[in-house]
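Heads up: the structure comes next, in structure tokens.
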Amino acid sequence: MMTKTFLTKSIFFLALAMVVIACQKKQKKRIPMPTTDLSKVSLMPKPVKTVPTHSAFALDQFTAIYTSKSSTGFEEVGKFLSKKLKSKINLDIPVNEETSNIVERIIYINQSDSIELGATEAYQLYINQDSIILNANTAEGAFRGIQTLRQLVPETSNDTLAEQAIWPVPSGKIVDNPNFAYRGSMLDVARHFFNVEDVKKYIDLLSYYKINVLHLHLSDDQGWRIEIKSWPKLTEVGGSTEVGGEAGGYYTQEDYKEIVQYAAERYMTIIPEIDMPGHTNAASVSYPFLNGNGKTPKLYEGTHVGFSTFDTRKDTVYSFIDDVVREISEITPGPYFHIGGDESHVTKKKDYIYFVNRVEKIVQKHGKRMIGWDEVAIADIDSTSISHWWSSEENAKKAIEKGMQIIVSPAKKAYLDMSYDTLSKHGLHWAAYIPVDTAYVWSPEEYGGMPLENILGVEAPLWSETISNIDELEYLAFPRVIGYSELSWSIPENRDWEDYKIRLADQAPFLDRMNVKYYPSPLIDWKKSKYSYETIEKD
């Protein structure tokens with residue numbers, strides 16, 4: 001049953017619609033719409049509940065978008081939807097405008113106070129022939145809802161229904177909210193650098209599939225990628241190289257703030273990672289006093305790991321770390337700071353524990369919650385810090401014993417840099433080959449037997465040893481990251497490989513229109529698209 005709140009809002013909205021229509025000089029007859037089945041649309045990730053009513057909303061030139069204007073962010077969500085529909089179907093849809101044009105159908109993005117929408121990102125869609133009502137308690141929930149609505153709009157119009165072009169949107173009800181609050185991907189910009197526009201494109205693609213975290217791996221042996229004003233040689237020296245000997249690169253703080261803002265407009269959190277005490281050669285070659293492995297640091301362009309470490313017993317190292325964490329935290333509004341902590345093979349265990357304990361306090365001092373790869377659980381850290389489980393089940397269980405939450409990123413299942421198979425053009429396979437079905441057919445809720453209440457969410461990391469441009473990035477990320485979006489958003493009973501592979505095949509037109517060089521897995525019967533890589537419009 002519809003809630004009292006929804007009925008009240010609907011009555012108000014329909015009254016508003018009647019006033020708008022009454023003010024028009026000419027009202028057209030209702031267009032007979034085709035029978036369509038909302039439950040058959042290939043939505044990604046799959047919503048909690050879909051109830052079809054076997055008709056359609058007639059999206060056309062007589063449609064307008066209205067939003068809860070006094071509610072923070074809702075009008076911006078409406079404008080975002082209008083912009084994306086303009087890009088997709090070349091239809092201009094006004095948002096909260098008094099227009100002299102005839103308005104016959106309305107999309108209303110409504111701030112609800114329904115207790116049924118208790119989750120921050122929850123939303124409801126009610127679609128009938130004359131109106132689409134999107135209910136959400138927050139603008140973030142409304143934003144997730146319009147991603148679903150974007151997927152419901154067909155690529156091509158039905159030109160037999162009326163004189164004007166009409167895009168039939170299947171009618172019915174969708175009730176939805178995420179399974180996990182944390183749904184992420186990591187991009188390694190340290191081994192190979194990816195510029196601001198590349199990162200923005202990745203953000204656009206991830207947000208379309210309701211992923212809400214982008215973790216940026218900003219430093220490693222091969223490169224330091226973010227400007228630290230109090231330590232300028234980090235980018236001048238440490239940012240000058242990358243794997244294979246290319247020129248490297250880095251983000252100025254203004255570049256980084258641009259990425260953060262772009263992500264925030266899509267309700268995505270940026271998590272910065274400065275990897276330490278290992279994976280630190282680029283920092284040590286910039287400032288040799290940091291080095292603790294007993295060798296003279298030199299610029300490094302290979303892929304071997306585990307040879308570098310900070311000097312964990314030198315106070316000036318922690319002064320350096322304090323400056324780095326402070327400067328990055330000041331331009332990062334999200335609650336997290338990732339300290340890496342993995343593969344510190346030449347750091348003595350007692351020194352490693354001492355280091356992680358001190359760095360946790362530095363991160364907390366600057367108002368952030370520490371995340372570290374699963375090795376950090378051996379230190380004496382508190383329950384507010386987060387273990388990023390990538391390798392060791394033993395370490396993940398140690399974190400849980402400390403009351404910590406974990407992020408699930410098992411390399412054998414979730415690493416986007418693993419090759420699909422023996423014929424893959426890019427990727428590694430030290431953990432496993434991960435074809436599209438293997439990437440999807442597992443349960444983060446049950447993997448390793450971790451308590452569900454300790455799982456913060458799921459993240460799919462993309463390390464960049466074998467990729468150096470956006471096309472190669474997309475080859476490894478897509479289509480697998482779409483599956484990870486569903487594993488982290490959709491409830492287990494809605495996840496089924498046979499159903500998923502059909503819906504995945506139907507993503508081809510969107511991916512082609514976005515010029516995504518995805519891997520066309522032979523496991524999927526990809527839907528043919530009118531788009532080609534040469535005739536793309538940016539969505």
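Residues that satisfy the salt bridge (Lys or Arg N to Asp or Glu O under 4.0 Å) test with D176, not counting sequence neighbours, are absent from this structure. For the salt bridge (Lys or Arg N to Asp or Glu O under 4.0 Å) test, no residue two or more places apart in sequence or in another chain qualifies with D37. For the side-chain hydrogen bond (donor to acceptor under 3.5 Å, both in side chains) test, no residue two or more places apart in sequence or in another chain qualifies with T35. Residues satisfying the ring-ring contact (aromatic ring centres under 6.0 Å, His included) criterion with W526, sequence neighbours excluded, are Y518. Taking E76 as the reference, nothing meets the salt bridge (Lys or Arg N to Asp or Glu O under 4.0 Å) condition, with sequence neighbours excluded. Contacts of H54 classified as side-chain hydrogen bond (donor to acceptor under 3.5 Å, both in side chains), with partners at least two apart in sequence or in another chain: none. Scanning for salt bridge (Lys or Arg N to Asp or Glu O under 4.0 Å) contacts around R266 gives D204, with sequence neighbours left out. Here Q61 pairs with nothing under the side-chain hydrogen bond (donor to acceptor under 3.5 Å, both in side chains) rule; sequence neighbours left out. Every residue two or more places apart in sequence or in another chain that forms a ring-ring contact (aromatic ring centres under 6.0 Å, His included) with F80 is listed here: F143. Remark: S391 engages no residue in a side-chain hydrogen bond (donor to acceptor under 3.5 Å, both in side chains) (not counting sequence neighbours). For H338, the ring-ring contact (aromatic ring centres under 6.0 Å, His included) test picks out H215, W373, H388, with sequence neighbours left out. Applying the ring-ring contact (aromatic ring centres under 6.0 Å, His included) criterion to W389, with sequence neighbours excluded, gives Y447.
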